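Below is one structure, written out as structure tokens; the observations come after it.
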Amino acid sequence: MRIIITESYEQMGVEAANIVAGQIYLKPDSVLGLATGSTPVSMYQRLAAVHKSVGLDFSQVTTFNLDEYIGMSPDNPQSYHYFMQENFFRHINIRPENVFLPDGMADDMVAEGERYEKLIASRGGIDLQVLGIGQNAHIGFNEPDVKFAATTHKVELDEETIQANSRFFNSVSDVPRYAISMGIKTIMMAEHVILLANGRNKAEAVYKAVCGDVTPEAPASILQLHRDVAIILDKQAASLLPSAIRGVQITVK
Ligand code: F6R
């Protein structure tokens with residue numbers, strides 16, 4: 001595990017975008033795992049800017065998003081399909097047929113989970129997975145639990161997640177109660193993982209992910225067992241971390 005601590009949210013996005021861009025330069029047909037939410041927006045903006053300025057080429061890239069709300073169609077402005085179009089895909093030259101998100105409208109979520117896993121496998125697996133982290137240390141929508149869920153599955157969102165995500169909706173009662181999310185195994189199978197976090201409200205979750213016990217009560221803690229993970233933080237999200245952590249390389253930008 002390595003940790004990069006940056007001065008600001010924008011800088012966090014730049015560092016993350018550099019890693020994603022490096023991946024695409026090295027392997028133009030990379031398979032990326034992507035996240036929604038506020039955290040990766042500065043990374044998406046930077047990647048779109050690099051695409052525009054120096055032609056970073058997404059034409060052979062495939063993407064798989066982590067999750068989608070159940071009951072939300074892609075044209076619903078609060079769906080993650082819509083979020084990704086608005087914040088990223090419409091600004092780059094990715095091919096629509098190479099973009100995948102779980103289908104929140106599927107009738108059978110077990111079958112949809114299996115379909116999604118097969119799709120990921122058929123594209124050769126995920127090269128680089130981008131993650132945010134919930135205040136409860138969730139990754140994807142893998143909420144704190146008594147065991148790590150393995151593959152793409154239906155989840156009931158935690159009250160804390162519903163409250164946190166209500167900022168995107170008119171009222172808390174409008175936030176969907178269920179989502180479909182990649183599982184912990186799906187995430188852990190990725191060759192490389194980057195986890196981004198910004199803001200003081202993520203500091204406890206980041207501490208648990210990096211320094212806490214590996215436990216399904218703090219799903220992000222599983223990343224301590226991944227062979228190649230970079231945690232990219234602004235200084236508020238890093239504020240509870242000790243200055244040295246055994247086995248972890250810390251770079252302060
Ligand atoms: C989003 C996702 C979630 C978010 C997390 C943080 O696709 O899987 O795990 O990354 O809830 O959300 P923000 O970035 O809005 O604080």
Side-chain angles (χ1 to χ4, degrees), residues 8-10 12-13 16 20 32-45 63-70 72 74 76 78-89 99-104 113 116 120 126 128-145 148-149 151-169 172 175-188 190 193-206 208-209 216 218-223 229 231-234 236-238:
S8 65
Y9 171 67
E10 286 69 31
M12 175 200 76
V20 176
L32 305 178
L34 298 178
T36 55
S38 316
T39 310
V41 171
S42 62
M43 179 194 79
Y44 292 139
Q45 287 170 345
T63 63
F64 286 95
N65 263 82
L66 283 163
D67 37 27
E68 178 57 286
Y69 289 121
I70 287 182
M72 281 218 182
N76 185 321
Q78 271 147 344
S79 72
Y80 285 168
H81 281 75
Y82 198 95
F83 175 99
M84 290 305 298
Q85 282 303 330
E86 283 303 301
N87 286 284
F88 194 34
F89 298 145
V99 164
F100 301 97
L101 289 92
D103 179 3
Y116 203 61
I120 295 172
I126 293 169
L128 173 62
Q129 175 67 54
V130 177
L131 299 172
I133 185 170
Q135 291 177 42
N136 61 4
H138 72 206
I139 46 176
F141 275 139
N142 293 279
E143 302 284 29
D145 204 342
F148 290 113
T151 52
T152 304
H153 62 295
K154 178 179 173 177
V155 289
E156 182 172 7
L157 299 177
D158 265 17
E159 202 46 49
E160 199 176 343
T161 301
I162 290 168
Q163 290 293 339
N165 288 5
S166 66
R167 69 191 192 281
F168 299 113
F169 292 81
V172 72
V175 185
R177 267 36 195 170
Y178 294 93
I180 176 164
S181 173
M182 279 186 199
I184 293 291
K185 182 175 170 195
T186 328
I187 293 169
M188 289 294 280
V193 175
I194 59 175
L195 180 143
L196 283 56
N198 66 287
R200 178 62 186 79
N201 63 332
K202 298 292 176 68
E204 277 87 8
V206 167
K208 284 185 195 165
S221 63
I222 193 85
L223 297 174
V229 51
I231 313 263
I232 307 166
L233 307 169
D234 74 351
Q236 283 82 21

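Since the structure is predicted, the reported quantities are computational estimates derived from the model, not experimental observations. All residue numbers in this chain count up from 1 along the given sequence. Because only heavy atoms are used, hydrogens play no part in the values below, and waters and symmetry mates are left out as well, while side chains stay in. Remember, it's 1-based here, ligands and their atoms both numbered in the order they're listed.
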Taking non-hydrogen atoms only, is Glu143 closer than 4.0 angstrom to ligand 1 via side chain, backbone, both or neither? neither

Numbering as shown, the atoms of ligand 1 that approach Lys202 to under 4.0 Å (heavy-atom distance): 6 (C), 13 (P), 16 (O)

Which value, rounded to the nearest 0.5 Å, describes the distance between Leu223 atom CG and Ile231 atom CD1? 6.0 Å

Between Phe64 and Tyr116, how do the two ring planes meet: parallel, tilted or perpendicular, split at 30° and 60°? perpendicular

Which residue and atom name correspond to the protein heavy atom nearest atom 10 (O) of ligand 1, and how close is it? Gly132 CA, 3.3 Å

Pairwise distance OG(Ser79) to NE2(His81) - rounded to 0.5 angstrom: 6.5 Å

Check ligand 1 against Thr36 and write out every atom of the ligand that is under 4.0 Å from a heavy-atom position of the residue. 1 (C), 7 (O), 10 (O)

Which residue owns the protein heavy atom closest to atom 8 (O) of ligand 1, what's the atom, and how far is it? Asp67 OD2, 2.6 Å

The answer for which part of Ile133 has a heavy atom under 4.0 Å from ligand 1 is backbone

Centroid separation Phe168 to Phe83 less than 6.0 Å: no

Under 4.0 Å from a heavy atom of Gly140: give me the atoms of ligand 1 that qualify, with their elements. 2 (C), 3 (C), 8 (O), 9 (O)

Donor-acceptor pair, Asn65 side chain versus Asp67 backbone, under 3.5 Å? no

Run the numbers for me: atoms of ligand 1, each under 4.0 Å from some heavy atom of Arg167, listed by number. 13 (P), 15 (O), 16 (O)

What part of Leu66 sits under 4.0 Å from ligand 1 if we count only heavy atoms: the side chain, the backbone, both or neither? side chain

Are Thr39 and Met12 packed together at the side-chain level, in the sense that at least one heavy-atom pair is separated by less than 4.5 angstrom? yes

Within this structure, what is the CD1-CG distance for the pair Ile126 and Leu32, rounded to the nearest 0.5 Å? 9.0 Å

Pick one of side chain, backbone, both or neither for how Thr39 approaches ligand 1, counting any non-hydrogen atom pair under 4.0 Å. both

Answer with yes or no whether Gln135 contacts ligand 1, where contact means a heavy atom under 4.0 Å from a ligand atom. no

What are the atoms of ligand 1, with element, lying closer than 4.0 Å to any heavy atom of Ala35? 7 (O)

Centre of Tyr178's six-membered ring, under 6.0 Å away, within 45 degrees of the axis: is that where NZ or CZ of Lys154 sits? yes

With a cut-off of 4.0 Å, which atoms of ligand 1 are near a heavy atom of Gly37? 14 (O), 15 (O)

Run the side chain to side chain donor-acceptor pair (under 3.5 Å) test on Glu143 and Asn136 for me, step by step, so that the C-alpha distance in whole Å, both residues' side-chain angles and the decisive distance to 0.1 Å come before the verdict. CA-CA 7 Å; Glu143 302 284 29; Asn136 61 4; 2.9 Å; yes

List the closest protein heavy-atom neighbour of atom 5 (C) of ligand 1: residue, atom name, distance to the nearest 0.1 Å. His138 NE2, 3.4 Å

